[in-house]
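No hydrogens, no waters, no symmetry mates; every other heavy atom, side chains included, goes into these values. Here the structure is a predicted model, which is why all the values come from computation and not from measurement.
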Amino acid sequence: MAVRIASAESIRRAILADALLSSIIDQIEINRTALPPIGLGASAAILELPEIDEFEAVWFLRIIGLTLEEIGQVSDALHSLFPSLEVSPGVSGLEARLYSLVTEQVRNAVTAAEEAELERQRIQSIERAVNYATSLRDGRDGLQGERGERGPTGSQGERGPMGPPGRNGRDLVATDAVLNDLKDVFVPDPVVGHVLMWDGTTWVSRYLPQVYKYAGGGGGGSSITTLDAGDFDG
């Protein structure tokens, strides 16, 4: 006898009421994922709400833990209960799509579930915003990122322009140099009366005695007096 589908619960009750199906399936539950519970024997899960396509509702059923023989038996029993059924057998189970007309009760249930999901997402967004604002108020620093790899060495730049040529001595202006600038002249402490003398290696500062001659008159004779320049000091 065909079962009128009004909800996921109506599908569960119809399966439990069938003698063959209830003897094969140990557990059956309704959830939002259609993932059957893990048990020692066969288990089934029905998606809580159907997909609605205009005036048609599509219910989803998954059964696991069946033998090859049980897959055929369960498929035949489901077809007897729900004529508008599509079955996809697997290795150790099957998946089924059950079709029914959309009633006002089903549409209201789906609408309420969608509104509840939107509200849940809104609350999650608010919680994330509050957590973010709290982290800003607390002044918590963010985690430091990893140091990046060192980049390749850049190529050598172009050679700069050559500077002006240095002096070669021929363009030397006398007012720009001092005596000690000459490489073979050594005058550590020059004083009045010193002259440059070549000592065989360099020009050095030496004192040169000065001789002054005076001729005396009278007395029928003459005399020559030699005076050193140092005699005139003071």
Calculate, to the nearest 0.5 Å, the distance between atoms [atom1] and [atom2] belonging to [X] and [Y] respectively.
X    : Y    : atom1 : atom2 : answer
F60  : I11  : CZ    : CD1   : 11.5 Å
E119 : Q124 : CD    : CD    : 11.0 Å
R122 : E127 : CZ    : CD    : 10.5 Å
I52  : E54  : CD1   : CD    : 11.5 Å
R13  : S10  : CZ    : OG    : 6.0 Å
L47  : R97  : CG    : CZ    : 10.0 Å

Distance-minimising heavy-atom pair for [X] and [Y]:
X    : Y    : answer
A34  : P36  : O-CD, 3.5 Å
W59  : S7   : CH2-CA, 3.4 Å
L66  : E70  : CA-OE1, 3.5 Å
V87  : H79  : CG2-NE2, 3.9 Å
S205 : H194 : OG-ND1, 2.7 Å

Count the heavy atoms of every other residue, nucleotide or ligand shown that sit under 6.0 Å from [atom1] of [X], and state whether that count exceeds 12.
X    : atom1 : result
Q121 : CD    : yes
R120 : CZ    : yes
L68  : CG    : no

Review point. Just by distance, do the side chain of S43 and the backbone of P37 share a donor-acceptor pair under 3.5 Å?
Key: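 Checked: pair present.
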
**Study point:** Exam field: side chain S75 to backbone I71, donor-acceptor pair closer than 3.5 Å
**Key:**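 Absent.
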
Would a hydrophobic clustering, with Ile, Leu, Val, Met, Phe, Trp and Tyr connected at side-chain separations under 4.5 Å, put [X] with [Y]?
X   : Y   : result
L78 : I28 : yes
I30 : I63 : yes
V3  : L61 : yes
I25 : L20 : yes
Y99 : L81 : no

Practice item. Before giving the answer on salt bridge (charged side-chain N to carboxylate O under 4.0 Å, His left out), spell out for E104 and R107 the whole-Å C-alpha distance, their side-chain angles and the decisive distance to 0.1 Å. Key: CA-CA 5 Å; E104 184 178 358; R107 191 179 297 277; over 6 Å; no

How about [X] and [Y]: do any of their side-chain heavy atoms sit closer than 4.5 Å?
X    : Y    : result
I38  : I64  : yes
L118 : E114 : no
L196 : V185 : yes

Point to revise | E9 with R12: basic N within carboxylate O range, under 4.0 Å | key: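 Looking at E9 and R12, the cut-off is met.
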
**Study point:** Check against side-chain contact (heavy atoms from CB on, under 4.5 Å), L40 and D26
**Key:** CA-CA 8 Å; L40 297 178; D26 295 332; 5.6 Å; no

